[in-house]
Every structure is written in C-alpha cells, then in structure tokens.
Amino acid sequence: MTRTALVTGSCGLIGSEVCSYLARCGFEITGVDSNERAVFFGPEGDTRWTLERLRQGIRSYRHVAVDIRDREAILNLVRDLRPSVIVHTAAQPSHDRAASIPFADFDTNAVGTLNLLEAVRRACPESPFVHMSTNKVYGHLPNTIALRELETRWDYDDPAYANGIAESFSIDQSKHSLFGASKVAGDVMVQEYGRYFGMPTCCLRGGCLTGPNHSGVELHGFLSYLIRCNLEGREYKVFGYKGKQVRDNIHSEDVAAFICEFINAPRSGEVYNLGGGYENSCSILEAFALVESLSGKPQRYTYIDENRIGDHICYYSDLRKMKAHYPGWGITRPLETIFTEIVDSWARRLSRVDLHATEMASVG
Ligand SMILES: NC(=O)c1ccc[n+]([C@@H]2O[C@H](COP(=O)([O-])OP(=O)(O)OC[C@H]3O[C@@H](n4cnc5c(N)ncnc54)[C@H](O)[C@@H]3O)[C@@H](O)[C@H]2O)c1
C-alpha cells in the first residue's frame, strides 16, 4: 500500500529536505506551504525556487499553497488525505522577527500547530506526527550555566553539561522572546496530544539546522546567511558576546534521517534535542575562519556591543537520548562538509542571480 506524507513548510529548509528524503523512502508527498517566508522576510526569503526544485525532483509531489492558520482548509485537507505521517515544519522561525509580528507569529506557531494536531486526531490519530520545535523553548536559561571563556568561544564550565543540554532542562520561568513563547505553546500541545490522546507525536527541539537549501536571511539561518555574506563581500553584523557565541549545527539531511527513524518506530509525546552536538559546534569567530579558508575571501563584519535579546551564549545539544532511542541514527555530516556544501550552493545560486541580472540588463 502507498504511504502518504503530509509535510507542512515543504518549501523551507527542513520541509524540502524531508520531502526529498521521504520520497526516496517510497512515500507520496503532499506539501503545504504558502510561501509565508517571503512575507516574513521579504524577497530574500522567497522559497519559490525550492518549490520548482521539488516539482522537478519528486514525481509524486503535490503542492497545496494553503496557510496553516486557515483552520477549515487544514481540517478538510487532512480529512481528505488521511496521511500516513505528518511532518510539521511550517513556522514563523525567527526569534527577532516575532516581536514586530506577534499575532502572525503566535497564530502560525501555536494555533497553526493546534489546527494540524486536531485535524490529525480527527482523521488519522494513529499516524506519526513529528513537530519541529526549537531550543529557544529553553529561553535564556542556558545562559545561567557557568561558562568559561576560551580564545575563540565560550564553553560550559559545569561538568553537568559536559555533553550539552538535555531534554530535562527546564523550559519554565525564563525569557523566551515571543517566538520562543509561541514555540513553547506548540511544543507543549504536541506533547499533550501524545500524552493525553496517546497519539504518536514528538517534538524535535532544533539547534542550528542548516544546509545548502536554506534561503538564509539576516534574521534567520545564521550559517547560510553568514556564508552568503562572505561570498558577496557583504558586512555581517555580530551582536555581542565578543563573537564567541556557540551554536551546534546539523545538516538538514541528518534531521530528515532522524524523522524517518521516528516514523518507523514512533513513540508517544516524546521530546528530543536535535542539533549537531559538541562535535558540530562553532562560534561566530570560528565560522568566519572556516568560511574564509574555503572561499579564500576575507569576512567583513562589524561588531555591535549588544547581544540579541535572549540569545544563547553557548548552546549545544546533548544527543544521548536520541541515540539511545534510535541507535541506527547519528550525525553523518561533519561541520566542514556542511560549510563546503553551503558555500557551493550559494556560489551556484548567486552566479545564477548575476546571470539573470545581466540578461535583464541586456533586455532592458
Ligand atoms: N533552521 C533552524 O536553524 C531552526 C532551528 C530550530 C528550530 N527550527 C524549526 O524548524 C522548523 C523549520 O525551520 P526552517 O529553517 O525549515 O524554516 P523555513 O522558514 O526555511 O521553512 C518554513 C516554511 O514554512 C512556510 N510557512 C510559514 N508560515 C506558514 C503558514 N502560516 N502556512 C503555510 N506555510 C508557512 C514558509 O513559507 C517556509 O517555506 C521551524 O519550526 C523552525 O522553528 C529551525
């Protein structure tokens, strides 16, 4: 029997990777994406190039340009499709953008998630439901861990966090940003539909999810954006913490691989911290050095001596729970490979933009 996957945010970084991955596993794919990223971030966030790529690359791909805030449309879509799995990646994904669009942020991240959960409960409650959550649900609390300053990065100075942040870390009583708060609401709802209704749901609390298919912009997708700045000779703004703030980076295909593991052996109401772990972590300064070594171009940047509100000083995920529950899964793309892929992808995309601009100029 054909298995069907409903992937929301299908034109985003994670959604598009999941579509390709599940299609290779034999699923028929229905993608939901209203290109809201272009509304949130302007033309640079436009994901139509990804929709084209999906249409060309996946024979069975069917696109539904519906907004997940449209409850009736979502209830009807899920009722008619009764998908075998649901992977929910659609979101307003920016910590910083949320403060200026609080209704759009909450309606998308919290209410949109509820619309999907309830639609699935009514139509196909046995279908695994994977939700992309975020490490921002921990709010600023990771910043209260004792730190030590090294030459190019901050690191934990508390043996309790030698392996990174685990899922048992508190999400309560901290400053989250409006984005973090709307994602907490979605995250807790997804857990509740697992615990209360027994549905096979899980929340993946992402660190820095990245890869060559990201339309990185200043407000979201730091690595993709940083590399684009390097290649274009644009100035990158470093906000506080001496540029030594640490992120753990995971390739979107490793994210999709984990989602597939969960789908094949689902559990109920689970939570996993999904990032690159210590091995794939880097500070902004270290990221500059790595991209410079690959592109041969100096990184231009300015330092603003004020951190983004609630920004983590040092965050890397403790991957032990994921590996204990799904021993077949592990990180396959080390940091250097991730950087190389993103550099190559931007080089290709930017040369196409140049070509297009030259063609337009000659037509004009
Ligand atoms: N990229 C990261 O570093 C990161 C880190 C932690 C968590 N996450 C989470 O992972 C998920 C996917 O992130 P991403 O990086 O792929 O984001 P993305 O912005 O690349 O993709 C999200 C997609 O959802 C679509 N979308 C947004 N609102 C919509 C709506 N109301 N209706 C229909 N479609 C809508 C957008 O157009 C976009 O294509 C999000 O939940 C995000 O919060 C991402």
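Counting starts at 1 for both ligands and their atoms, in listed order. Computation of the quantities below employed the complete heavy-atom set of this structure, encompassing side-chain atoms and omitting hydrogens, waters and symmetry-equivalent molecules.
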Can you confirm whether the side chains of [X] and [Y] place a donor and an acceptor under 3.5 Å from each other?
X	Y	result
Asn163	Tyr156	no
Asn213	Ser16	no
Asn273	Asn135	no

Look at [atom] and say which protein heavy atom is nearest, naming residue and atom and giving the distance to 0.1 Å.
atom	value
atom 3 (O) of ligand 1	Leu209 N, 3.0 Å
atom 43 (O) of ligand 1	Lys183 NZ, 3.1 Å
atom 29 (C) of ligand 1	Glu36 CB, 3.6 Å
atom 20 (O) of ligand 1	Leu13 N, 3.0 Å

Next on the checklist: Tell me whether the rings of Tyr326 and Phe258 are parallel (<30°), tilted (30 to 60°) or perpendicular (>60°).
Outcome noted: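 Answer is perpendicular, since the angle exceeds 60°.
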Checklist entry - Relative to each other, are the rings of Tyr236 and Tyr225 parallel, tilted or perpendicular (30° and 60° limits)? => result tilted
Item to check | Under-4.0 Å heavy-atom contact with ligand 1, by part of Ile68 that carries it | outcome: both
Next on the checklist: Is the contact between Ser133 and ligand 1 made by the side chain, the backbone, both, or neither, using heavy atoms and a 4.0 Å cut-off?
Outcome noted: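 Answer for Ser133: backbone.
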Item to check | Closest to atom 5 (C) of ligand 1 (judged by heavy-atom distance), picking from Gly206, Cys208, Gly207 | outcome: Gly207
Item to check | Identity of the nearest option to atom 22 (C) of ligand 1, non-hydrogen atoms only, from Asp46, Thr89, Asp67 | outcome: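 Closest candidate by heavy-atom distance is Thr89.
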Item to check | Aromatic contact, Tyr138 with His312 (centres under 6.0 Å) | outcome: no
Checklist entry - Under 6.0 Å between the ring centres of Phe129 and Tyr193? => result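 No, the ring of Phe129 stays outside the 6.0 Å limit from the ring of Tyr193, centre to centre.
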Checklist entry - Does an N or O anywhere in Arg37 fall below 3.5 Å from an N or O of ligand 1? => result yes
Checklist entry - Is any N or O atom of Ser34, backbone or side chain, closer than 3.5 Å to an N or O atom of ligand 1? => result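 For ligand 1, there is an N or O atom that lies under 3.5 Å from one belonging to Ser34.
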Checklist entry - Of the options Val111, Ile74, Thr108, which is the one that meets Arg69 in a side chain to side chain contact (heavy atoms under 4.5 Å, CB included)? => result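 Running side chain to side chain contact (heavy atoms under 4.5 Å, CB included) over Val111, Ile74, Thr108 with Arg69 returns exactly one hit, Thr108.
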Would you mind listing which atoms of ligand 1 come within a distance below 4.0 Å of any non-hydrogen atom of [X]?
X	result
Thr134	6 (C), 7 (C)
Pro93	19 (O)
Arg69	31 (N)

